[in-house]
Amino acid sequence: MGSGGSKAKASSGPKTDILKETDEDPMNLDDFVEGYPPPKPVLDKKRHIFTTEDKAVADSRASQIRVEDYQSFEALSRALTEGLGNDVQKVRALFTWIGLQGSKGHNSKNNVEPLSPQHIVQLVTQRKASYNLLFVSLCRAVKIPCVFIRGIAKSAAYEVGDRTVDKLGNSWTAVFVSGGWRLVFPLWAFSAIVGHSTGTWTLVESDGKGARETAEKSSGTTVSNFNDYYFLTDPEEFIYFCLPRDPEWQLLAKPFTKQKFIEIANCEQAYFENHIQITTKLECLYTSENGVCDIGIKKTNGEEFKHLYKLYFNHEKSNTKLSKEIQLDRYVAVMNNKSAVNFRIRFPGAGIYKLELYGGSPTGFPLLCSFRLDCNEDVSNVNPFPCNPEAGFGPNLVTTSAGLEAESHKSGFINIKKSKNVNIKFNISKNVIVQTVLVHNNIKEEVLSQHVTHKVKGKELDINVNVPQQGEYALQINTKTKGSSEPFKNACNYLLASEDMNKKKRSYENAAEKKARNNLNECLKSNDPESIQKALDKFDQFDLDDNGKREKAERKKNFLVLQKELKEAIARRNVDILETALDNAKSSEFSSNLQNQIKEGEQLLGELRKIKRFAHEVLQMKQPTISEIHTYKHPKPLAYDIMKATYVLLGEKESHLEEWEQIQGLMRKTGKQGLLRRVREFDTIHVTENMVNNAAQLLRPYDKETAATASAGLGTFYKWASNIVTDST
């Protein structure tokens, strides 16, 4: 008996399943019958010739027929097919009937006629005859052309990446229906073995969790199966699993060579059923480059999908052993980009690895494809990722569910080689609180917390990251519903790094690199943040190893920038600018070093807010109110004194305010010289003691009730001028 195997998924461990198909069946059926149509490439897809109605009609017929009621294949086949509408329905009825026999457990009986249908069914269910035999016999009994196809099949005896496949001999069938030859693999459709393991693979990482699990070697257990996929399988998919001896029976316009069959990616049934496409090279063997492999997949219809992975190490065939000291939970990064997913694998040590990818289905996580990964390099310079979140890196279904929609960065990787400042924007669709966390392999989280901020304005989330030095970081974005006592849940993640960070570095520095390092050392003596930044930028261009000086320079630059911003904000006396500078200084790691400037800034901010508050009522006045005052031809002394006091405080010379007409002229001015604009931009820093005394003398004969009774506008200007005078004395 030759070796073969179904493509069922094992219950645990690597992909397994193996059954034996026989080339020496009790009935002598030739491979090909004279007069049958020659094999030609198939044009129509399975879905075009086999409908749900065909399936329902044929399966109903198959369930009604008992083998013991028929003494010949002709009679049994006629009972299964008579009256059915087309040859596809007839072949389906024969196929389904065979599949149903596996669950009935036909026991051996001495009085059964040799080579009768019942005898052959017994032999098949006892693994003494092939499913091929039974299927071909039933088809030919009703004059439906059907032949054996012999070749190589990637069953459980196949290990992904194997270059020798000659021992994987197997056989399947081709049946002529709907005007063309179609492929049927009865063995893989009706039987499988689960729990098969070669015992050579150790699971080292599974969906971001480290593992050290080795399945014991096992031949597995045979189970009955019913798998529609191997009925009329499309040739362009079937060729991934089976290579016939005769290339014509590939039924492809451009047949595979044996070499291509060996090298082609190891794709499973679920890969095709879920419309997955490999976006990197379509091969089963990948070799590391600088200690890294990238494998990408996507859904061809553009849909996002859930996915899992498992990384194995071959502890028997690898020339090295994995150190027990290595934590194996951060060596695979899942990079999301809408319907595309890239798995970036870093290797903790040299050796032979295997990556299995699962997912695609909304109801489960079937195995999609697997790859052998060979790492024959020195990987001492390869570090694990800063973290390995379950949702991967980049916006995905989890992000949307959390109420965030990426506006700026829609893939998981952000290149920070040229700039260490990153701004990331989201739209918010739910009432959530946001938490942002920056992670690095060597820098403490409390230090990194100073380098990531976020603001929520309405329905917009703005995140700013300023990494302290070149390297690799992970940004974690977590959310929870406002008012909820539940912990934060991870919604989205980004990997921030330079693309070539794993590139192996030279053991020496050239002249330009030495100069950049010397400049960095010298800049520590400087108090100019711009000079320090230039030295840092030059240093980062060469991606040199940091010996601690870079972090010192970065910290000094950050301190000087905060100090400069605070000084400039105090000098400018602008409320908004000063508030921002104070917030930045107080929330920084340098708050204690900046206490004097912070105290000065807070005192000034209090004064500026008071001035702003004084001006509030004036700025709320309508233009008609001001125009009314302007129209006075012969104003009472109260009106003249209040408006004169107002303009004195605004800086007008008293010689320009002797006559009411002069004040009217000032009130007519617009733009920068407009009255409301001057009140809005008023600052007590420009007010002298003489100006305050003169204004106070003008206002002294009146009070706010008298002023307000005379005119709402005059009452407002009286209150403003009086507040300024009182506050300045």
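All values below come from the heavy atoms of this structure, side chains included, with hydrogens, waters and symmetry mates left out.
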In residues 677-687, what donor-acceptor pairs under 3.5 Å come from side-chain atoms, sequence neighbours left out?
| residue | atom | partner | partner atom | Å |
| --- | --- | --- | --- | --- |
| R677 | NE | E681 | OE2 | 2.7 |
| R678 | NH1 | E652 | OE2 | 2.9 |
| R678 | NH2 | L650 | O | 3.2 |
| R678 | NH2 | E652 | OE2 | 3.2 |
| D683 | OD1 | R573 | NE | 3.1 |
| D683 | OD1 | R573 | NH2 | 2.7 |
| D683 | OD1 | I685 | N | 3.2 |
| D683 | OD2 | R573 | NE | 2.5 |

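Summarising the geometry, atom CZ belonging to F347 is positioned 7.0 Å from atom CG belonging to L311; distances are rounded to the nearest 0.5 Å. Summarising the geometry, atom CG belonging to L495 is positioned 6.0 Å from atom CZ belonging to F413; distances are rounded to the nearest 0.5 Å. In this structure, OG in S526 is found 11.5 Å from CG in N519, a value given to the nearest 0.5 Å. A distance of 8.0 Å separates CG of L438 from CD1 of I443, quoted to the nearest 0.5 Å. L322 CG to T202 OG1: the interatomic distance, rounded to the nearest 0.5 Å, is 8.0 Å. Atom SG of C293 is separated from atom CG of L355 by 9.5 Å, given to the nearest 0.5 angstrom.
The aromatic rings of H409 and Y494 sit perpendicular to each other, their planes meeting at more than 60°, with 30° as the lower class boundary. Between F590 and F559, the ring planes lie perpendicular to each other; the angle is over 60°, past the 30° to 60° tilted range.
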What verdict does the side-chain contact (heavy atoms from CB on, under 4.5 Å) test give for L404 and I428, after you've listed the backbone C-alpha separation in whole Å, the side-chain angles of each residue and the deciding distance to 0.1 Å?
CA-CA 5 Å; L404 301 181; I428 304 177; 4.0 Å; yes

Evaluate E579 against R609 for salt bridge (Lys or Arg N to Asp or Glu O under 4.0 Å), listing each step before the verdict.
CA-CA 10 Å; E579 282 178 342; R609 283 173 173 167; 2.8 Å; yes

Between M667 and Y647, is the side-chain contact (heavy atoms from CB on, under 4.5 Å) condition met? List the steps.
CA-CA 10 Å; M667 293 179 69; Y647 275 108; 3.4 Å; yes

Verify side-chain contact (heavy atoms from CB on, under 4.5 Å) between E460 and N427, making sure each step is shown before the conclusion.
CA-CA 5 Å; E460 295 181 356; N427 293 321; 4.2 Å; yes

Please step through side-chain contact (heavy atoms from CB on, under 4.5 Å) for the pair Y473 and V465, ending with a clear verdict.
CA-CA 10 Å; Y473 302 80; V465 181; over 6 Å; no

D329 and K209: salt bridge (Lys or Arg N to Asp or Glu O under 4.0 Å), yes or no, with the steps?
CA-CA 5 Å; D329 58 348; K209 298 179 178 63; over 6 Å; no

What verdict does the ring-ring contact (aromatic ring centres under 6.0 Å, His included) test give for F305 and H307, after you've listed the backbone C-alpha separation in whole Å, the side-chain angles of each residue and the deciding distance to 0.1 Å?
CA-CA 6 Å; F305 64 100; H307 41 74; 5.7 Å; yes

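Between H454 and L461 there is a side-chain heavy-atom pair separated by less than 4.5 Å. Here the side chains of P468 and L448 are in contact, with some heavy-atom distance below 4.5 Å. In this structure, K310 and S206 have side chains that are in contact, with non-hydrogen atoms separated by less than 4.5 Å. Side-chain contact between T399 and F426 is present, with at least one heavy-atom pair separated by less than 4.5 Å. Between Y286 and D374, every side-chain heavy-atom pair lies at or beyond the 4.5 Å cut-off. Side-chain contact between I295 and L373 is present, with heavy atoms from C-beta onward closer than 4.5 Å. V575 has its side chain within reach of L605: a pair of non-hydrogen atoms, C-beta onward, lies under 4.5 Å apart. When side chains are defined from C-beta on, T481 does not count as touching E486, because their heavy atoms never get closer than 4.5 Å.
A donor-acceptor pair is defined here as one N or O able to donate and one able to accept, closer than 3.5 Å; such a pair exists between the side chain of S449 and the backbone of E446. Under a 3.5 Å cut-off, the side chain of T646 and the backbone N or O of I642 do form a donor-acceptor pair. T716 places no side-chain N or O within 3.5 Å of a backbone atom of E617 that could act as its donor or acceptor partner. For E377 (side chain) and N290 (main-chain N/O), a donor-acceptor pair under 3.5 Å exists by modelled atom type. Using a distance-only test at 3.5 Å, with no hydrogens or angles considered, no donor-acceptor pair links the side chain of H451 to the main chain of V467. Distance alone, capped at 3.5 Å, places no donor-acceptor pair between the E407 side chain and the K425 backbone. When atom types are taken as modelled, the side chain of E472 and the backbone of A497 share no donor-acceptor pair closer than 3.5 angstrom. With K430 contributing its side chain and S401 its backbone, the two residues share a donor-acceptor pair below 3.5 Å. Although no hydrogens or angles enter the test, the distance criterion places a donor-acceptor pair under 3.5 Å between the side chain of N336 and the main chain of F393. In this structure a side-chain-to-backbone donor-acceptor pair under 3.5 Å is present from T580 to D576.
Salt-bridge annotation for E607 and K610: absent, with no side-chain N of the basic residue lying under 4.0 Å from a carboxylate O of the acidic one. Salt bridge status for E405 with K459: absent, with no side-chain N to carboxylate O gap under 4.0 Å.
Nearest heavy atom pair, residue S587 against residue Q450, reads O-OE1, 2.5 Å. Summarising the geometry of Y718 relative to K704, their closest heavy-atom pair is CE2-N, 3.3 Å, with the distance given to 0.1 Å. The two atoms that bring V379 and C375 nearest to each other are CG1-SG, 3.6 Å, heavy atoms only.
Defined by atom type and a distance below 3.5 Å, a donor-acceptor pair is present between the side-chain atoms of N423 and D462. A donor and an acceptor atom, one from each side chain of S380 and D378, are located under 3.5 Å apart. When only modelled atom types and interatomic distance are considered, S288 and Y353 share no side-chain donor-acceptor pair under 3.5 Å.
K644 NZ: more than 12 foreign heavy atoms inside a 6.0 Å radius. Heavy-atom neighbours of K489 NZ from other residues, nucleotides or ligands within 6.0 Å: at or below the threshold of 12. For E530, the CD atom sits in a loose shell: 12 or fewer heavy atoms of surrounding residues, nucleotides or ligands are nearer than 6.0 Å.
Partner of D294 under the salt bridge (charged side-chain N to carboxylate O under 4.0 Å, His left out) criterion, chosen from R346, R344, K281: R344. Considering N388, N441, N383 as possible partners of R330, the one that fulfils the side chain to side chain donor-acceptor pair (under 3.5 Å) test is N441.
Pairs passing the salt bridge (Lys or Arg N to Asp or Glu O under 4.0 Å) check and including a residue from residues 582-603, sequence neighbours excluded, read R555-E589, K586-E602.
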